[in-house]
Amino acid sequence: MTTLLAASTTVWLDQIVTGITRGGWIFLVAAGLTLVFGVLHVLNFAHGSLYLVGAYVGAALGPAFGGSLGAFLLILLIAPFAAAAVGGAIEVGLLRPTYRRPLLYQFLLMFGVVYVINGAVEAIWGVETRQLSAPHALTAPVHIGAVTIARYNLFTLAVGIVAAALVLLLLHRSAFGRDVRAVAQDPEMAALLGVRVGRVRTLVYVLGAWLAGLAGVITAGQSAFTTTDGVTTVILAFVVVIVGGMGSIWGAIVASLIIGVADAVGAIAIPDLSVAIVYLVMAVVLLVRPWGLLGRPVHA
Amino acid sequence: MDAFRLAGVAATVALALGVAACGSDDSGGSSGKASSSKGGDPIKVGYVVSKTGPAAADANSDVVGAQLAAKEINDAGGVDGHKIEITVRDDKTDPTTATREARDLALSGNVNILAGATVTAIGAAIKEVANATKVPYLISTANGASLTEVDPSPYVFRAWSNSRVMPGPVADYASKQPWKKYVLVTGNNDFGKSISDNFKSYVQAKNPNAQFVKQILVEQGATDYSAAINQLRSIKPDAVFLGGVFGASFIAFAKAAVPAGIYDDAHVMGFMGNADLDAVGSLVPAGKQIGYNAYYNTYDDPFTKEFDEKIKAVTGKPSDGSNFVGYMTVKWIAEAVKRGGGTSREQILKGLSGASMDTLIGDVTIRPGDHEATGSYFYGIVDKGADGKPAFTQVGTAPGTDFLPPDKG
């Protein structure tokens, strides 16, 4: 309680705004995972490793591209394609044969993939902490009234909003999106209707991997990372997917904002328990609404 | 499987991953047998470090330093004819794995001594094995004072310095500055709290005007420092001490704190190595960031210059604190064999207790009572070096004995 009273109103406002912007980052981390689950029904534990690929490639490109805003934006677009390429190889080479097999095959396969990718990342880039320097144009703070916001956080929120809009448009306003929804609902029927199910699955997994890579590059610019960050990231992403409702993009958006604000406010209100706040949110949602905030209950 | 059950499975796996990331503990083992001490027998060193995990870079540096020392000793003919053989095992930052590896080295590998530990939890696991197998254990880079202070073991010794000494010299430096308003940014764990508390008590003892107005707890391994930054911006301290905030966490803090203007008002003290300097050295304002570590390659001393060249020849990179502590660890083992008169476990135990060596900061002793080494830490101010690039400048230290309780031995 002392801590609650000690923080000034400005700090509280700063934290709430920070939490909203952090929600943008959390959505980026979780978007690819929820997309892949929603369509492929795959619990993609390799998501965190694909995030790492994006982060490492982004950090490796940084010195070569220079520190301008244009160079940074270019890296932001290019580096996730490395994750997308790895994702494509995983789906075509490894996942495809498992869709008709018991779920345990996918579990074991994905765990194996995590170890292989993380090992490869360590072999290529080593175990040292890495980061990508963000351009000055994205680092200065922005003052809005009494509230001060890190410009990079606003940038992250903007990228999160754009990514959410594009994914939603792609799913609900395009021919490809129609195919994706058909495959998600009933792949056999979609195939009978002429949808190239294999191609749709591959492209969805590639898109999910690209989004994971994008989150990795964003993180590299904001802070720093090591090879262990893939595991912590995939845990957070799963929490968002569970809280929002498995496979629901809108659910992931809402869950990201709730978790972002809860985490930021909790860091000041109950700092001793800050590590547990995200899991407390998940536990409450699982108790009250086990299918997630915007998910749908499925009856056997 | 429906979505509901999948959600349950996903939640369980997510929690399991979290628990696995935190690690678990184990203890036990049977008693081991001492090696012979015949002339020419190798000195087998079982080196257990966290080559996988967040401290992997430190673990690798530790091993490089240890292997360099072993090569130098062996090239010079060994210790009284005994060559040093180092077997490195990766504990994967998991105490259970550390226990298994240490036990295997002690029993099947029949090592003369165990060494290593990159983090304190791993050191505690190896300590249990040392107690059970009666094998001497020399802690390398793990700093937790609890390893030697809680349930002291006749088999456990430390190669350089502990968490009491870590913040000592930088606190000494801080107490001489005109800084009054301090904030502690502390990793929310025993280690972070311990070094933060020690820093505070050292500064307050030497500067009665120092006011510690706030302690901000941050999640261990955090890379989002928004909450801490927002509070610091509101408090506007003269000095910030980061305790238990290192590696990726330190870099994340600096990257958030610079644009937020924290360095405009405050000097920031944090555990820093060369990788941190590379990452944020040109970002932080000159003279406002102070690093602390077990060693800085810019310390003005003949040993440092020579050691730095030796490490560069091996790795192509400047030497760092873990290189140095690993190097000292094997030097201690050689010294213990000399003092003890042989390579058996009993002789090494006898040789380690009370051993003394001339180091880059003068004589350092492994105290016979608490088995703590009297090695110290260094501080360095991040500024432009001779080549115009960021470097640790004005590097200084203070005797480790200033920060250790009296030895009861």
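By convention in this document, chain letters (A, B, ...) are assigned in the order of the sequence lines, proteins followed by strands, and residues within each chain are numbered from 1.
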Query raised in the report: Is the CZ atom of B/Phe246 crowded by more than 12 outside heavy atoms at less than 6.0 Å?
Result: no

Query raised in the report: What closest approach, in Å, do B/Ser234 and A/Val11 show between heavy atoms, and which atom pair accounts for it?
Result: CB-CG2, 3.5 Å

Query - More than 12 heavy atoms of other groups within 6.0 Å of B/Asn189 CG - result: yes

Requested in this report: Taking all non-hydrogen atoms of both residues into account, name the closest pair between A/Ser223 and B/Ile251 and its distance.
Outcome: O-CG2, 4.3 Å

Query raised in the report: Roughly how far, to the nearest 0.5 Å, is the CG atom of A/Asp263 from the CD atom of B/Glu219?
Result: 7.0 Å

Requested in this report: Apply side chain to side chain contact (heavy atoms under 4.5 Å, CB included) to the pair A/Val275 and B/Asn188, showing each step before the final yes or no.
Outcome: CA-CA 9 Å; A/Val275 68; B/Asn188 193 5; 5.9 Å; no

Query raised in the report: Salt bridge between B/Lys317 and A/Glu128, side-chain N to carboxylate O under 4.0 Å?
Result: yes

Requested in this report: Can you tell which part of B/Ala256 gets under 4.5 Å to a heavy atom of chain A, answering side chain, backbone, both or neither?
Outcome: neither

Report task. Let me know if A/Ala220 has heavy atoms under 4.5 Å from chain B in its side chain, its backbone, both or neither. Result -> backbone

Report task. State the CD1-OG distance between A/Ile149 and B/Ser226, to the nearest 0.5 angstrom. Result -> 11.0 Å

Query raised in the report: Is there side-chain contact between B/Val258 and A/Thr139, with heavy atoms separated by less than 4.5 Å?
Result: no

Query raised in the report: Does a side chain donor of either A/Thr18 or B/Asn230 reach within less than 3.5 Å of an acceptor in the other side chain?
Result: yes

Report summary line: Taken to the nearest 0.5 Å, the spacing of A/Thr129 OG1 from B/Asp58 CG works out to 8.5 Å

Query - Among A/Asp272, A/Thr226, A/Asn153, A/Thr227, residue most engaged with chain B (heavy-atom pairs, under 4.5 Å) - result: A/Asp272

Requested in this report: Using only heavy-atom distances, determine whether the side chains of B/Lys255 and A/Gln131 contain a donor-acceptor pair under 3.5 Å.
Outcome: yes

Query raised in the report: Checking heavy atoms, do the side chain of A/Arg130, its backbone, both or neither come under 4.5 Å from chain B?
Result: neither

**Report entry** Closest non-hydrogen atom pair between B/Pro259 and A/Pro141, with its separation
**Finding:** O-CD, 2.8 Å

Requested in this report: Go through A/Thr10, A/Leu236, A/Thr148 and name the one with the most non-hydrogen pairs under 4.5 angstrom from chain B.
Outcome: A/Thr148

Query raised in the report: Would the number of heavy atoms belonging to other residues, nucleotides or ligands and lying under 6.0 Å from NZ of B/Lys384 be above 12?
Result: no

Report summary line: Distance col, row A/Ile268:CD1 vs B/Leu217:CG, nearest 0.5 angstrom, shows 12.0 Å

Report task. Among the options A/Gly221, A/Ala267, A/Ala150, A/Gly245, pick out the one with the most heavy-atom pairs lying under 4.5 Å from chain B. Result -> A/Gly221

Query - Least distance between heavy atoms, A/Ala224 atom then B/Ala248 atom - result: CB-O, 3.8 Å

Query - chain B contact via A/Leu132 - which portion, at a heavy-atom distance below 4.5 Å - result: backbone

